[in-house]
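To keep things clear, I will list the structure first and then write my remarks on it.
Chain A is the first sequence line, chain B the second, and so forth, proteins listed ahead of strands; every chain is numbered from 1. Just so you know, these numbers come straight off a predicted model, no measurement behind them. All heavy atoms count here, side chains included; hydrogens, waters and symmetry mates do not.
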There are 6 protein chains.
Amino acid sequence: MNQLLLKKQLISFLNEDIGSGDLSCQALFEDQQILGKGQFYSKQDGLFVGEQIIQETYALFNEKIDIHLFKKDGEITRKGEVIAEVTGPYHVLLKAERVLLNIIQRLSGIATITNKTVQQLANQQIKITDTRKTTPGLRMLEKYAVRCGGGINHRFGLYDAIMLKDNHIAAMGSISEAVHKVRQKAGHMVKVEVEIRNEIQLKEPIESEVDCIMFDNMSPTKVKEMIHFVPKHIVTEASGNITLENIADFRESGVDMISLGFLTHSATALDISFNIMEEMK
Amino acid sequence: MNQLLLKKQLISFLNEDIGSGDLSCQALFEDQQILGKGQFYSKQDGLFVGEQIIQETYALFNEKIDIHLFKKDGEITRKGEVIAEVTGPYHVLLKAERVLLNIIQRLSGIATITNKTVQQLANQQIKITDTRKTTPGLRMLEKYAVRCGGGINHRFGLYDAIMLKDNHIAAMGSISEAVHKVRQKAGHMVKVEVEIRNEIQLKEPIESEVDCIMFDNMSPTKVKEMIHFVPKHIVTEASGNITLENIADFRESGVDMISLGFLTHSATALDISFNIMEEMK
Amino acid sequence: MNQLLLKKQLISFLNEDIGSGDLSCQALFEDQQILGKGQFYSKQDGLFVGEQIIQETYALFNEKIDIHLFKKDGEITRKGEVIAEVTGPYHVLLKAERVLLNIIQRLSGIATITNKTVQQLANQQIKITDTRKTTPGLRMLEKYAVRCGGGINHRFGLYDAIMLKDNHIAAMGSISEAVHKVRQKAGHMVKVEVEIRNEIQLKEPIESEVDCIMFDNMSPTKVKEMIHFVPKHIVTEASGNITLENIADFRESGVDMISLGFLTHSATALDISFNIMEEMK
Amino acid sequence: MNQLLLKKQLISFLNEDIGSGDLSCQALFEDQQILGKGQFYSKQDGLFVGEQIIQETYALFNEKIDIHLFKKDGEITRKGEVIAEVTGPYHVLLKAERVLLNIIQRLSGIATITNKTVQQLANQQIKITDTRKTTPGLRMLEKYAVRCGGGINHRFGLYDAIMLKDNHIAAMGSISEAVHKVRQKAGHMVKVEVEIRNEIQLKEPIESEVDCIMFDNMSPTKVKEMIHFVPKHIVTEASGNITLENIADFRESGVDMISLGFLTHSATALDISFNIMEEMK
Amino acid sequence: MNQLLLKKQLISFLNEDIGSGDLSCQALFEDQQILGKGQFYSKQDGLFVGEQIIQETYALFNEKIDIHLFKKDGEITRKGEVIAEVTGPYHVLLKAERVLLNIIQRLSGIATITNKTVQQLANQQIKITDTRKTTPGLRMLEKYAVRCGGGINHRFGLYDAIMLKDNHIAAMGSISEAVHKVRQKAGHMVKVEVEIRNEIQLKEPIESEVDCIMFDNMSPTKVKEMIHFVPKHIVTEASGNITLENIADFRESGVDMISLGFLTHSATALDISFNIMEEMK
Amino acid sequence: MNQLLLKKQLISFLNEDIGSGDLSCQALFEDQQILGKGQFYSKQDGLFVGEQIIQETYALFNEKIDIHLFKKDGEITRKGEVIAEVTGPYHVLLKAERVLLNIIQRLSGIATITNKTVQQLANQQIKITDTRKTTPGLRMLEKYAVRCGGGINHRFGLYDAIMLKDNHIAAMGSISEAVHKVRQKAGHMVKVEVEIRNEIQLKEPIESEVDCIMFDNMSPTKVKEMIHFVPKHIVTEASGNITLENIADFRESGVDMISLGFLTHSATALDISFNIMEEMK
């Protein structure tokens, strides 16, 4: 992660919640400094993501705060386990609580479902990868969570790789024409992937020597058939209508990657809580 | 919604995806302007949210784009129905596609689950309300989606209402002490809610004349019992471990509000697609 | 106050003054580091506001600066008294001087006039409150100063409470209609206030059970008469044409709040100076 | 004024007030578009400032709004006169109302007091000038208002001219030394002013050929005496403890400029109101 | 280019020059609107870059401005030729003039030198590519200019491709180890390039199947020798100490790409002027 | 320099390069912290500029980094000399490397060429000055580099001085008219310069008592002739078509300043490298 960007995002997330001021803390603690010790703990089994987030968030407040992390990013956390312990002024612990939980729960949820998918697939030769179907504003964080869960990242945006979809191809007339044009214009460090929907489309990307071919919405059987014709140096990807339930069907498909939108657009938050254990005089 | 803030957020979301440039469109369309007509359509039944988002997003590009909206925010959209039709330059349609879908799918998903919850509860006297468990950076949008789905909004952040939770109360010694202190300091336009966990705690907030009492993690039966003792002018709220499955049990509880974190932290995206139908010469 | 927001504002205020560089300090001190000790002191009696502002401002420069504060926010400072003593590099003391004084003088001026108003009214049962007539960009700071002076805050903006004025009411047809509509749409943590201009308008807001009624531009006698009819749980507020000179007339009016635009839109700055006492080798 | 900067500031001022949304307008007008015609009018005599501010503010909302301005910046507006008439959606008129008034009232107040000062002085040979004692964040706007009132601008910040005050001089050892050093380092387009506190200090800046000499806290008589010794090509400025009441005493002092902090740090807002006259179907 | 990002950058560039206001235009034109017609024209032969920049810049001012472009990006412009003609308010033409020229001259200079390099090399099989040695803040624009000049883009930053240099390799122990590790972690859309300094290092990247090999600081003869051993599907790049003078020596080297830092870090601006031809009544 | 602005710019420059993350460092160092010691050293003779830039850049990362600077800004650095030594985490050294070099090389290049120009002119009575032909976004830094090289700064932007060029003059009808108007409107701290193109234009600015006269595109002989008629208190400036090659011809011209666009718009970067010397366990 780019920690300068992370810091900027955390400030903006905190400001969204604190706004013109924390009315509760202002009323209660403006005239007295109370220290407390709080704990983040799991209320559910899953993978934790949030080390750097916890550290960078508390560092934004100019106050002395002690942080002890008991889990690393991507590590399993069991229901009831303490993830981190924090000692500092009550008002900081309370101001940061909800925002921290909102981020950590979401990212841990993504890592957890990614990991479940990897387990379910149970074939190390096939990589699980994310998509651009991330939450607006959270792509860097969510793609990091996918990595923590054992997945790898597909392209980050429109800016770091070329993916030719049916709309691009239709506009250019043919796959060959589209690939030819992007190869001429794009830099040599840019990979080109083409999305195909049926076997008739398979020949063109192979002859155009694309870097990757994505099989959109095809059955495992169909994918397996098609891969037979794809030269080894072209990466293959399956995508579309693949779920946690049916992913095991792709175990023997021979595909290199399976990309899954639900990892980020429909992940359920992992239940993590924050509790202030005691006041400290 | 604050449309000035919305505009700023949309720019930031688009920049997250486009970054230093859309490599595919740059290579294909930099030397030729192609017009296309595209459609947003539902692949699933649900409630649509996104009118203003679609309009403000395309308006950010200095190009002529025609937009026809066939659905209003909060309106039901059936699988296969067209939500909006857009005519404009190919490169704009393609650059905005993923970001628009990412926002609209999420917000429509939230409105849809909110609406399901309202249906499930089937008691207009009890309002469904959201929480601060929203996606960092998307609170304004997600709370809008909850309203579109038939819910109402709880406080927006730490800045617009006071909620005294166990941590606040513990630090002050008692509910009465905490309420007394915030009443002295906070403005007369600020409401004060107190979270209680058992019946012993009920007396204090009533005597302190708080505006709302939140029953945390109590069964419908327990909630009903407690409400019996609460004066009518104090709003009551149930929260914690309430799901789409068990919410109907609260139908006769007599509570005024039920707040649900899952509406925003674990909503599944509504499946909406964008398809470019035809090129236009 | 939200200290993250405060920090951002202070940077922007300093940049407004320093711009592309402090020409005087650059020419004089770029080739030699000189330390100095400076003092903020009052040239007038009043209430000081600025503790956190002084601390956060100097913290923005990556230099060692010692700060001793002799006054707390809201404390009386007499002509000639030292408020704070600061030791650090000359160029930092000089760069921050004018911006710090501009903020502190204004906020101290607001606290001072607020306090005078409270004294003048001499009735603790009636709260002095501010309005939205604050300086653009300084609302959080100015509302904090009002609290330091013994006042309390009215709503912070359009986003944290509902105030129905004659324009809203006219558009809806009647007070009842307007209140009914906002009650349906707004969250349960949002208070609703209605502004009325005569006794005929009094009945509707009472029957609609609003949270507050504001008497706009009425004499103390008229206010007293009207309050007679208002149930105790509805907060009453007087506003309009109330000055430091005539506020005492409201002492026996029985109103709960008096809101005063002049506290923020026409406060005179409190005269505070900064003086570098000595160079330090 | 820099209109790009102005636009950015207006957005930030509007966001300060609207925040996460205008609760009143959202509840009342989200489901119906109502047009209204509103007027800005004076409740007090004074000079108006706000043409560009009114136009740029409404332009930020993507809605059709008609604006008729009846006054120019710096023009006299009498109690009761209409300054501008605006027709557009109710929710825009209401959202922009308070922010617009807060800016215009303040700037008109500054222009008005500046103009009063110019009248009081009644000597066109002596220019009235502002200081850096402006409201943080509003310097460009407030200095514009001073120009509208008939004053001229002193330096804008630390970045556009050099002013050597006692602290600078003390650090360098002498005025000559300080002037010598800044003349060597600063560009040829930068003017240098020296502040002096007594007649003994007069010789050095003259011999150092500074561009301006500022007489700090001296009586009109003393100023007149000193000017006798200053070569004509050096601009002279009087400053400190000059008020609307005593400024006429400087009429015959022969000084070139009088700088006045109160123009910006303690100006009273000019009373201007906004009223929606009628609904339009 | 990402036009939303471009717009943001242009605003920031204009603000850098205009700051708190254009003193000359304010003094001359604040009380009268004068229209003028101006021309951008070449004072030197070269390639023009700036179409979108000219259009987006003038669009930032809310004024009617007519723009006629006579050259396209990447087109040759001869000394004396008119590039664009603009009609609009004098103050806008003058405010935008210097910033526009500063950008256009620099980008046109980069396109011109890139094109000269391509001509000098005179071998279409070898691509000229840029580096990350761009001007801070201008990378998107400068890389666009390289494309306009007939070059192609190397990676945009640290975020869109992997380049393993000697420091990375030293830290990992060996090229194989480093490549192995990044292949495991990085996504399938990310290309991996390895920089080598001598023939001994050649074997490892080939066996590790990297996407590109960069020959750092080698003579054309040495490059030619080494390429003999590189499989055709691995892209080869020559870099280091290659100048306009010696680039022709690489004509027969068989390398795929030559990357040149001087295209962006030391390009001379192309001399373009702006002249207001006439006033328009 | 304004260090708050510098910090903001450095963050933005780093984000331009790091974007969504440094793919190479993420893959290699995310699971292990390696320390390294690196050196900045010259590969060419020249003047170094970058002390504060190096310090502020590393300070942005929340990590312990030791920095030893062996050169001061404006000091000569010889080929092979070490400029600075840095010890810290590998990933920080590598992330900051290219951005730091891009800035330092450019600024050192500007200081070096400025210094060469000063040497070439070899007349301390004539100051070398920059122009507004700076790189968009880098003006503060580039003007600082000119100072480090022994030049002085011309105005920073349109906001800190008035320069009347032929377009302004044409619009006003005459030099006298234009000068008269700006003298009336502009503050007393603002200098006014007029650009003239021939001897006929010389009389007017002298009679109008401008602060500076700029001779545009005139030969040294012509400049010398004209200066004969200019009163000593008016600063004279030569500009246009002056190069490193012909600047010595102006040695005896008697002009006060020579402004040179090439110092900033066409300076060649000074070759500086960064090398990680050793890993540290």
Please walk me through it: do A:Ile18 and C:Leu5 pass side chain to side chain contact (heavy atoms under 4.5 Å, CB included)?
CA-CA 9 Å; A:Ile18 305 176; C:Leu5 207 55; over 6 Å; no
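Contacts of C:Met1 with chain A are made by backbone atoms alone, with heavy-atom separations under 4.5 Å and no side-chain atom involved.
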So which donor and acceptor atoms of chain A and chain C come within less than 3.5 Å of each other?
residue, atom, partner, partner atom, Å
A:Asn15, OD1, C:Asn2, ND2, 2.9
A:Gly19, O, C:Asn2, ND2, 2.9
A:Ser20, OG, C:Tyr159, OH, 3.0
A:Gln26, OE1, C:Met1, N, 3.0
A:Asn62, ND2, C:Glu56, OE1, 3.2

